[in-house]
Amino acid sequence: MSEYCIGDGMEVTLHFTVKLEDETVVDSTRDKAPATFQVGDGNLPPGFEAPLKDMTDGETGRFTITPEHGFGQHNPQNVQRLPRDQFDDDLEVGTMMSFTDPGGGELPGVIAEIDERNVDVDFNHPLAGRTLTFEVEVIEVRPATTH
């Protein structure tokens with residue numbers, strides 16, 4: 001049993017599984033190496049970090065993460081209508097594509113609707129608006145080492 005608990009300044013190694021409402025697994029470390037992160041480093045959304053506070057080595061938990069604490073609500077303003085002629089002919093609804101944002105960065109978007117003249121692209125996070133189940137098994141908690 002560790003003397004350390006999950007909190008600020010701690011490095012945590014754990015296995016996790018994220019599931020949708022219907023128990024579909026969206027992401028998991030179960031079939032690979034566990035994840036290691038520093039509390040507050042931005043690798044986990046704050047809503048996923050908060051329920052882990054005060055857990056220690058060997059503990060497991062199952063938490064419900066609401067959209068407000070996960071990836072936000074689905075925002076209709078994040079769906080953009082673009083001219084059909086900017087796309088290839090073999091376009092399909094549900095395809096994820098990469099776009100360039102005004103700042104020159106990469107922005108993933110999902111093709112939501114296609115008609116003869118327009119294509120609607122959804123730039124919301126794919127998990128926006130979803131209530132998620134976050135299952136964790138804490139392997140090790142230790143003070144973070146600064147490099």
Side-chain angles (χ1 to χ4, degrees), residues 1-83 86-88 91-114 118-147:
M1 189 74 159
S2 170
E3 64 207 89
Y4 299 112
C5 291
I6 296 176
D8 291 340
M10 290 292 157
E11 187 173 274
V12 183
T13 300
L14 51 69
H15 271 299
F16 72 86
T17 302
V18 178
K19 296 178 179 177
L20 299 177
E21 298 91 330
D22 65 2
E23 294 292 304
T24 301
V25 174
V26 198
D27 194 9
S28 179
T29 59
R30 285 286 169 196
D31 50 359
K32 48 190 185 240
T36 298
F37 68 96
Q38 231 173 287
V39 175
D41 69 0
N43 276 322
L44 277 185
F48 285 81
E49 272 189 6
L52 302 179
K53 198 162 174 53
D54 298 331
M55 289 179 75
T56 190
D57 297 10
E59 287 191 328
T60 60
R62 181 181 168 102
F63 310 102
T64 299
I65 311 291
T66 59
E68 297 75 30
H69 294 105
F71 296 96
Q73 290 291 1
H74 187 272
N75 182 347
Q77 292 179 330
N78 289 342
V79 179
Q80 302 287 322
R81 176 158 285 179
L82 302 170
Q86 290 185 4
F87 296 88
D88 294 334
L91 199 59
E92 288 180 27
V93 169
T95 303
M96 182 175 276
M97 297 181 69
S98 192
F99 296 84
T100 305
D101 68 22
E106 291 283 304
L107 188 64
V110 176
I111 305 305
E113 202 173 310
I114 305 168
N118 298 300
V119 176
D120 289 349
V121 182
D122 188 344
F123 290 104
N124 284 288
H125 188 284
L127 297 175
R130 305 299 292 260
T131 296
L132 305 168
T133 299
F134 184 46
E135 298 173 350
V136 296
E137 175 192 351
V138 179
I139 297 167
E140 185 183 12
V141 181
R142 62 187 173 278
T145 52
T146 50
H147 300 290

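The basis for the numbers below is simple: all heavy atoms, side chains too, and nothing from hydrogens, waters or symmetry mates. Positions are given from 1, in the same order as the sequence printed here.
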Run the side chain to side chain contact (heavy atoms under 4.5 Å, CB included) test on Thr133 and Val18 for me, step by step, so that the C-alpha distance in whole Å, both residues' side-chain angles and the decisive distance to 0.1 Å come before the verdict.
CA-CA 6 Å; Thr133 299; Val18 178; over 6 Å; no
Does the distance from a Lys or Arg side-chain N to an Asp or Glu carboxylate O, for Glu59 and Lys53, drop under 4.0 Å?
no
State, with a plain yes or no, whether a side-chain heavy atom of Val93 is found less than 4.5 Å away from one of Glu113.
no
Nearest 0.5 Å, what's the OG1-CG distance between Thr29 and Leu14?
7.0 Å
So Phe134 and Phe16, would you call those rings parallel, tilted or perpendicular, with 30° and 60° as cut-offs?
tilted
When you measure from the side chain of Asp101 to the backbone N and O of Gly105, does any donor-acceptor pair fall under 3.5 Å?
yes
Please name the pair of heavy atoms, one in Met55 and one in Val138, separated by the smallest distance, quoted to 0.1 Å.
CE-CG2, 3.9 Å
Answer whether the closest heavy-atom distance between the side chains of His74 and His125 falls below 4.5 Å.
no
Over 60° means perpendicular and under 30° means parallel, so tell me whether Phe48 and Phe71 are parallel, tilted or perpendicular.
tilted
Quick check: closest heavy atoms across Ile6 and Leu52, and the distance to 0.1 Å?
CB-O, 3.4 Å
Walk me through whether Asn124 and Asn78 qualify under side-chain hydrogen bond (donor to acceptor under 3.5 Å, both in side chains).
CA-CA 6 Å; Asn124 284 288; Asn78 289 342; 3.1 Å; yes
Determine, stepwise, if the pair Glu135 / Thr60 fulfils side chain to side chain contact (heavy atoms under 4.5 Å, CB included).
CA-CA 7 Å; Glu135 298 173 350; Thr60 60; over 6 Å; no
If we only count heavy atoms from C-beta on, is the Gln73 to Glu68 side-chain gap below 4.5 Å?
yes
Less than 4.5 Å apart, side chain to side chain, heavy atoms only: is that true for Pro51 and Thr64?
no
Quick one: closest heavy-atom pair of Asp57 and Val141, and the distance?
OD1-N, 2.8 Å
What heavy-atom pair brings Pro83 and Asn118 nearest, and what distance separates the two atoms?
CA-OD1, 4.2 Å
Check Glu11 against Thr36 and note the closest heavy-atom contact, atom names and distance.
CG-CG2, 3.7 Å
Can you tell me how far apart CD1 (Ile111) and CE (Met96) are? Round to the nearest 0.5 Å.
10.0 Å
Quick one: pull up CG in Leu91 and CD1 in Ile114 and give me the separation to the nearest 0.5 Å.
4.0 Å
Non-hydrogen side-chain atoms of Val26 and Leu127 separated by less than 4.5 Å
yes
For the CG atom of Leu107 and the OG1 atom of Thr100, what is their distance to the nearest 0.5 Å?
8.5 Å
Residue pairs passing the salt bridge (charged side-chain N to carboxylate O under 4.0 Å, His left out) test where at least one lies in residues 120-129, sequence neighbours excluded:
Arg81-Asp120
Under a 3.5 Å cutoff, is there a donor and acceptor pairing between the side chains of Ser98 and Glu106?
yes
Rounded to the nearest 0.5 Å, what's the gap from CD on Gln38 to CZ on Arg142? Could you check?
10.0 Å
Are the side chains of Val121 and Val79 in touch, meaning some heavy atoms are under 4.5 Å apart?
no
I'd like to know if the side chain of Gln80 reaches the main chain of Gln77, judged simply by a donor and an acceptor atom lying under 3.5 Å from each other, with no hydrogens or angles considered.
yes
How many angstroms lie between atom CE of Met10 and atom CG of Asp8, to the nearest 0.5 angstrom?
9.5 Å
Under 3.5 Å, side chain of Thr56 to main-chain N/O of Tyr4, donor-acceptor pair present?
yes
By side chain to side chain contact (heavy atoms under 4.5 Å, CB included), which residues pair with Ile139, not counting sequence neighbours?
Thr13, His15, Pro34
Closest heavy-atom pair, Thr95 versus Glu92, reported as atoms and distance to 0.1 Å, is OG1-O, 2.8 Å
